[in-house]
Amino acid sequence: MRKPSVRAVSCVVLLAGAGALSAQMLDRPAPTPVPRRAPPPLAIDRRQGDNPNPVMESQAMPPPGGPLAAKKPDPLPAGRPASQDGASIDAVVAALYESVSHPEASEPNWARMREFFLPVGMLIPPKPARDDIFTVLDVDGFQERVRKGAAAAKQKGEPTAFFEKEIARKSDCFGNICQIFSTYEARRSPADEKPFARGINSIQLVRDARRWWIASVIWDTERPDNPIPAANQAAPAK
């Protein structure tokens, strides 16, 4: 009698094992199928019609403009209360001239000045011929510059009183931005007949939902080679 080969024996063992496993699986109950949840429906604004891609539209940048009543104003910067100085363009320009003016043995009203300048507001004085670039200051830097200048003037015995007055104005405004060319005269005393300096302040203003702020002031002085144009010497509008 011929002995079965090893390969044939292996096949028989495998078939027997598969049959036993199948029998065990048939004896066990089938698992209960878990129903799949359908994804939630996309919210579609029916006022705008059926939007095929409302998610992307909701993440898109909103169009500029819109009523201010629908927007909540940003909180005021810490220590920066809204004052009457920002109630109008006239008010904030007047506050600028009043805060920078001061008698002898005094200095500008820095606390008031900080109330109507933006936190990143800039003051850019005329560039001396010896300098290569302009000096850009914030209110703190301007304060330091004025104090150094006053100290140097005192050492020379020169007056430090300063009174600046607007004598003419040209304005270009659009919406919440305004650019002003404000012609000024500077005196040591308000009673002085003639100013010791004249020039033009270029003032940039912005308005939020509550008030006007000064974003920057750039100025230049009148000189023999840089006279103030006749169009900038008219009386300021009331």
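Fair warning: this is a prediction, and the values are worked out from it, not measured in the lab.
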Here the gap from Thr135 atom OG1 to Arg145 atom CZ, rounded to the nearest 0.5 Å, amounts to 5.5 Å

Backbone of Arg223 reached by a side-chain donor or acceptor of Asn226 within 3.5 Å | no

With a 4.5 Å limit on heavy-atom distance, are the side chains of Val93 and Arg169 in contact?
-> yes

For the residue pair Ile89 and Cys173, establish whether any side-chain heavy-atom pair is separated by less than 4.5 Å.
-> yes

Which pair of non-hydrogen atoms, one from Ala153 and one from Pro159, has the smallest distance, and what is that distance?
-> CB-O, 4.2 Å

Applying side-chain contact (heavy atoms from CB on, under 4.5 Å), run through Ile203 and Gln179 and close with a yes or a no.
-> CA-CA 6 Å; Ile203 309 170; Gln179 152 66 33; over 6 Å; no

side-chain contact (heavy atoms from CB on, under 4.5 Å) partners for Arg198, two or more places apart = Ile167, Glu185, Pro195, Glu222, Ile228, Gln233

When rounded to the nearest 0.5 Å, the distance separating CG of Asp90 from OG of Ser171 is 8.0 Å

Specify the closest pair of heavy atoms between Ile200 and Tyr184, including all atoms of both residues, with the distance to one decimal.
-> N-CE2, 3.3 Å

Short N-O contact, Lys154 and Glu158, less than 4.0 angstrom | no

Answer yes or no for Arg188 and Phe163: cation-pi contact, defined as NZ/CZ to six-membered ring centre under 6.0 Å and angle to ring axis within 45°.
-> no

May I ask you to test the Pro108-Val146 pair for a side-chain heavy-atom distance under 4.5 Å?
-> yes

Smallest separation among heavy atoms of Ala161 and Pro103, with atom names | CB-C, 3.8 Å

Give a yes or no on whether a salt bridge exists between Lys127 and Asp132, defined as a side-chain N under 4.0 angstrom from a carboxylate O.
-> no

Validation row: Val92, Leu205 side chains within 4.5 angstrom (heavy atoms) = yes

Could you give all pairs that pass the side chain to side chain donor-acceptor pair (under 3.5 Å) test and reach residues 94-108, with sequence neighbours left out?
-> Tyr97-Ser182, Tyr97-Asn201, Glu98-Arg112, Glu104-Thr160, Glu107-Trp110, Glu107-Arg147

Report yes if the side chains of Val100 and Phe162 come closer than 4.5 Å at any heavy-atom pair, otherwise no.
-> yes

What one should report as the nearest heavy-atom pair of Phe116 and Leu96 is CZ-CA, 3.7 Å

Can you tell me if Asp208 uses its side chain to pair, donor with acceptor, with the backbone of Arg210 under 3.5 Å?
-> yes

Any luck finding a side-chain donor-acceptor pair between Glu166 and Thr183 under 3.5 Å?
-> no

Salt bridge Asp138-Arg114, side-chain N to carboxylate O under 4.0 Å = no

Donor-acceptor pair, side chain of Arg211 and main chain of Ala87, under 3.5 angstrom | no

Heavy-atom pair of closest approach, residues Gln204 and Val217 | OE1-N, 4.3 Å

